[in-house]
Chemist: 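Handing you this structure, nothing more for now.
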Amino acid sequence: RAKDAGRGTWRLFDPAMDRQLQDRRGLQRDIKSALREDQLFVEFQPVVALSTRSIVGLEALVRWEHPDRGIIPPGEFIEIAERSGLIGAITAFVLAESAALAAQLPGFMAIAVNLSPLHLREAWLVDQVSEIIQQAGVAPERIEFEVTETAVLETEGRTIDNLHRLRALGCRIAIDDFGTGYSSLATLSRFPFDRLKIDRSFINDLEHNAADAPIVKAMIDLSQTMGLRVTAEGVETERQAAILTLYQCNDIQGFLYSPPVRKAQVLQLFESGRTVTGLGVGCVETVS
Ligand code: C2E
Ligand code: MG
Ligand code: MG
Ligand code: MG
């Protein structure tokens with residue numbers, strides 16, 4: 001988040017940094033074959049409604065199973081994919097996996113897919129999305145796209161245009177990691193958002209930093225006044241969930257309920273109709 005920026009220091013030569021640079025070059029070379037060789041896979045993290053304490057959606061999160069390096073998180077390769085011109089293909093893959101899973105789940109379940117700002121600027125984005133969703137045979141309402149503040153603030157006409165076209169198609173739009181950039185809640189009213197996701201740095205501070213609690217409450221209140229649903233990201237403790245319930249936040253996502261899991265585990269959860277626990281006493285809810 002902005003207030004943490006600038007704490008890095010640097011030296012003229014740093015062997016660790018040199019190694020990092022070489023690692024990046026290696027990844028840049030390897031990512032070209034990652035898709036072709038089926039090394040990418042998607043995990044899905046449940047989103048839970050606080051009112052019912054049951055799953056209302058999932059967020060798709062991509063991972064790379066590198067043959068030598070093991071599983072690499074998206075934070076380490078999305079930027080490389082963007083610079084290599086592969087982000088469109090990767091998103092198409094994530095979207096196709098998400099739409100296929102949506103087709104197997106109850107109709108109320110929406111799946112969220114993260115969109116890179118670079119991809120959001122492409123003229124062909126909406127046609128590509130439309131085709132993938134149609135092929136999977138799911139209603140566009142079942143897919144939600146997550147975009148970050150910086151993606152929409154550095155706005156060219158095309159970005160806004162694409163957001164409106166995705167919305168016209170029937171897909172939902174969420175603003176992700178809210179609070180990490182410089183946009184105000186007022187700027188949000190200019191964009192066609194359905195949901196706001198509060199960045200986990202605020203949720204993390206909720207218990208320890210007294211100053212953050214009123215900020216979170218204001219974000220929730222104003223978003224809801226503007227007709228947006230609110231998801232709190234990175235909810236890890238019962239206490240955070242309790243505070244968010246008090247503030248009437250709509251949904252939560254985080255390790256408290258579940259980490260991102262593979263498709264088979266998501267299906268198991270629904271097929272077994274098993275009860276969902278993990279939100280403490282009195283919070284047990286039946287799924288389906
Ligand atoms: P994000 O969209 O904000 O996703 C949430 C991240 O927080 C995920 O990290 C998730 O595993 C992590 N997380 C969830 N709950 C908790 C919690 O309780 N505590 C903590 N500490 N972390 C939690 P992940 O999977 O490493 O993804 C990082 C970022 O990479 C994502 O942030 C998103 O911006 C990007 N990303 C992931 N998949 C894709 C993709 O398919 N396309 C694009 N363009 N970006 C992606
Ligand atoms: Mg996201
Ligand atoms: Mg996020
Ligand atoms: Mg994030």
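Sequential numbering from 1 along the given sequence is applied to the chain's residues. Whatever order the structure lists them in is the order used to number ligands and atoms, beginning at 1.
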Chemist: If two hydrophobic side chains count as joined below 4.5 Å and joins carry through other members, does Leu169 share a cluster with Val113?
Modeler: yes
Chemist: For Gln248 and Asp221, which I'm curious about, is there any donor-acceptor pair between the side chains at under 3.5 Å?
Modeler: no
Chemist: Taking Thr91 as the fixed residue, which of Ile132, Leu86, Val129, Leu115 is the one that meets the side-chain contact (heavy atoms from CB on, under 4.5 Å) rule?
Modeler: Leu115
Chemist: Counting only heavy atoms closer than 4.0 Å, does ligand 1 sit against the backbone of Asn114, its side chain, both, or neither?
Modeler: both
Chemist: Is the closest N or O pair between Gln253 and ligand 1 shorter than 3.5 Å?
Modeler: no
Chemist: Can Glu236 be said to touch ligand 1, with heavy atoms closer than 4.0 Å?
Modeler: yes
Chemist: Does Arg63 have a heavy atom less than 4.0 Å from any atom of ligand 1?
Modeler: yes
Chemist: Within the 4.0 Å heavy-atom shell around Gln45, which atoms of ligand 1 are there?
Modeler: 14 (C), 15 (N)
Chemist: Is it the side chain, the backbone, both or neither of Val235 that has a heavy atom closer than 4.0 Å to ligand 1?
Modeler: backbone
Chemist: Among Asn250, Asp176, Thr231, find the one that has a side-chain hydrogen bond (donor to acceptor under 3.5 Å, both in side chains) with Arg195.
Modeler: Thr231
Chemist: What are the atoms of ligand 1, with element, lying closer than 4.0 Å to any heavy atom of Asp177?
Modeler: 3 (O)
Chemist: Ignoring angles and geometry beyond distance, decide whether Val62 reaches within less than 3.5 Å of ligand 1 through its nitrogen or oxygen atoms.
Modeler: yes
Chemist: Glu79: which residues meet the side-chain hydrogen bond (donor to acceptor under 3.5 Å, both in side chains) condition with it, sequence neighbours left out?
Modeler: none
Chemist: Who gets closest to atom 30 (O) of ligand 1 by heavy atom: Gly234, Pro74, Ser258?
Modeler: Pro74
Chemist: Which atom, counting only N, O or S, brings Glu146 closest to the Mg ion (ligand 2)?
Modeler: OE1
Chemist: So, is Thr91 polar-close to ligand 1, with some N/O to N/O distance under 3.5 Å?
Modeler: no
Chemist: Hey, looking at atom 44 (N) of ligand 1, which of Ser116, Pro259, Ala232, Pro46 has the closest heavy atom?
Modeler: Ser116
Chemist: Using a distance-only test with no angle check, is there a side-chain donor-acceptor pair under 3.5 angstrom linking Gln128 and His119?
Modeler: yes
Chemist: The Mg ion (ligand 2) is nearest to which N, O or S atom of Glu59?
Modeler: OE2
Chemist: So, 4.0 Å and heavy atoms of Glu59: is ligand 1 close enough to count as a contact?
Modeler: yes
Chemist: With a cut-off of 4.0 Å, which atoms of ligand 1 are near a heavy atom of Glu233?
Modeler: 3 (O)
Chemist: Look only at interatomic distance and state if Val94 has a nitrogen or oxygen under 3.5 Å from any nitrogen or oxygen of ligand 1.
Modeler: no
Chemist: Should Glu59 and Asn114 be marked as a side chain to side chain donor-acceptor pair (under 3.5 Å) after you check the CA-CA gap, both sets of side-chain angles, and the distance that decides it?
Modeler: CA-CA 8 Å; Glu59 177 175 6; Asn114 292 280; 2.8 Å; yes
Chemist: Between Ile90 and Ile31, does the side chain to side chain contact (heavy atoms under 4.5 Å, CB included) criterion hold? Intermediate values first, please.
Modeler: CA-CA 10 Å; Ile90 291 177; Ile31 200 163; 4.2 Å; yes
Chemist: Do Ile111 and Phe93 belong together in a cluster built from hydrophobic side chains that touch within less than 4.5 Å?
Modeler: yes
Chemist: Is there a donor-acceptor contact under 3.5 Å from the side chain of Asp199 to the main chain of Gly179?
Modeler: no
Chemist: Say you draw a straight line from CD of Gln45 to CD of Glu233; how long is it, rounded to the nearest 0.5 Å?
Modeler: 9.0 Å
Chemist: Do the charged groups of Glu97 and Lys263 touch, with an N to O distance under 4.0 Å?
Modeler: no
Chemist: Output yes if Asp176 passes the N/O/S-under-2.8 Å test against the Mg ion (ligand 3); output no otherwise.
Modeler: yes
Chemist: May I ask you to check if any N/O/S atom from Asp177 comes under 2.8 Å of the Mg ion (ligand 3)?
Modeler: yes
Chemist: Output the atom name for the N/O/S atom of Glu233 with the smallest distance to the Mg ion (ligand 3).
Modeler: OE2
Chemist: Applying a heavy-atom cut-off of 4.0 Å, say which part of His119 lies close to ligand 1: side chain, backbone, both or neither.
Modeler: neither
